[in-house]
Amino acid sequence: MIILHKTFSEKVREKLKLIPRGRITTYREIAKAIRQPNAFRAVGNACNKNPFAPKIPCHRVVLSNGGIGGYAKGKKKKIELLEKEGIEIKNNKVIDFKEKLFRFKA
DNA sequence: GTCGTGACTAGCC
DNA sequence: CGGCTAGCCACGA
């Protein structure tokens with residue numbers, strides 16, 4: 001049997017890496033993807049404490065309501081990165097975030 | 001083992 | 001739409 005006891009952060013990172021460029025996801029979606037739909041809080045924590053900051057596209061994660069949320073390097077930086085990838089943002093909210101939302105494989 | 005904290009969310013007013 | 005509250009989870013001290 002397999003027991004890979006990965007930490008919560010590990011799982012989050014795995015999912016984060018799956019987000020394609022030009023797309024975004026929400027903390028909620030990630031929580032669901034790792035089979036812990038109620039751990040959306042911990043997801044944010046994992047990203048914030050993420051020791052591989054530049055290696056993980058954590059900037060592609062937004063709030064479930066399309067809000068930007070936060071970013072270890074500053075919300076502004078997060079917005080810029082997203083705009084660079086083709087995500088339109090206005091008033092700290094993602095435009096048509098529903099269409100750009102990336103859903104993980106069920 | 002307990003407590004506080006946070007890049008959250010949904011509900012209510 | 002904006003603000004507030006309660007519920008939720010993992011992690012470090």
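Not measured: the values here are computed from a predicted model. Throughout, protein chains are lettered first and strands after them, A, B, ... in sequence-line order, and every chain is numbered starting at 1.
- Interface remark: the N48(A) side chain does not form any donor-acceptor pair with the dG6(B) base, using a distance-only criterion of under 3.5 Å.
- For the atom pair CD1 (I34(A)) and NZ (K6(A)), the distance works out to 12.0 Å, reported to the nearest 0.5 Å.
- Using a 4.0 Å cut-off between charged nitrogen and carboxylate oxygen, R60(A) and E85(A) count as a salt-bridge pair.
- Comparing dA7(B), dA10(B), dC11(C) by their nearest atom to the side chain of F8(A) picks out dC11(C).
- Across all strands shown, dT9(B) forms a Watson-Crick or G-U wobble pair, both distances under 3.5 Å, with dA6(C).
- Going from atom CD1 of I89(A) over to atom NZ of K75(A) covers 11.0 Å, rounded to the nearest 0.5 Å.
- Contact of the V61(A) side chain with the L16(A) side chain is registered, since non-hydrogen atoms from C-beta on lie closer than 4.5 Å.
- Atom CG in N45(A) sits roughly 8 Å away from atom C1' in dC9(C) (whole-Å rounding).
- Checked for salt-bridge contact, K11(A) and E14(A) miss the test: no charged N lies under 4.0 Å from a carboxylate O.
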Distances under 3.5 Å only, N/O to N/O: pair up the protein atoms with those of nucleotides 3-7 of chain C.
| unit_1 | atom_1 | unit_2 | atom_2 | d |
| --- | --- | --- | --- | --- |
| dG7(C) | O6 | R41(A) | NH2 | 2.7 |

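- At least one side-chain heavy atom of V43(A) sits under 4.5 Å from a side-chain heavy atom of F8(A).
- Using a 4.0 Å heavy-atom cutoff across all strands shown, Y27(A) reaches at least one base atom of the nucleic acid.
- When distances run from any side-chain atom of S64(A) to the nucleotides dA7(B), dT9(B), dC11(C), the shortest one goes to dT9(B).
- One atom, CD of E29(A), and another, C1' of dA7(B), lie 17 Å apart when rounded to the nearest Å.
- Spacing between atom CD1 of I30(A) and atom P of dG6(B) amounts to 20 Å, rounded to whole angstrom units.
- We find that CD of E10(A) is positioned 11 Å from P of dC11(C), with the value rounded to whole Å.
- When side chains are defined from C-beta on, V12(A) counts as touching I30(A), because their heavy atoms get closer than 4.5 Å.
- Here the CZ atom belonging to F104(A) is positioned 4.5 Å from the OG1 atom belonging to T25(A), to the nearest 0.5 angstrom.
- With rounding to the nearest 0.5 angstrom, the OG1 atom of T26(A) is 9.0 Å from the CZ atom of R103(A).
- The nucleotide whose nearest atom lies closest to any side-chain atom of K49(A) is, among dA10(B), dC11(C), dC9(C), dC11(C).
- Nucleotide dC9(C) holds its P atom 13 Å from the NZ atom of K11(A), rounded to whole Å.
- Nucleic acid contact for A42(A): base, since at least one base atom lies under 4.0 Å from a heavy atom of the residue.
- Rounded to whole angstrom, the span from the CG atom of N65(A) across to the P atom of dG2(C) amounts to 10 Å.
- Contacts of residues 31-38 of chain A with DNA chain C (heavy atom under 4.0 Å): Q36(A), N38(A).
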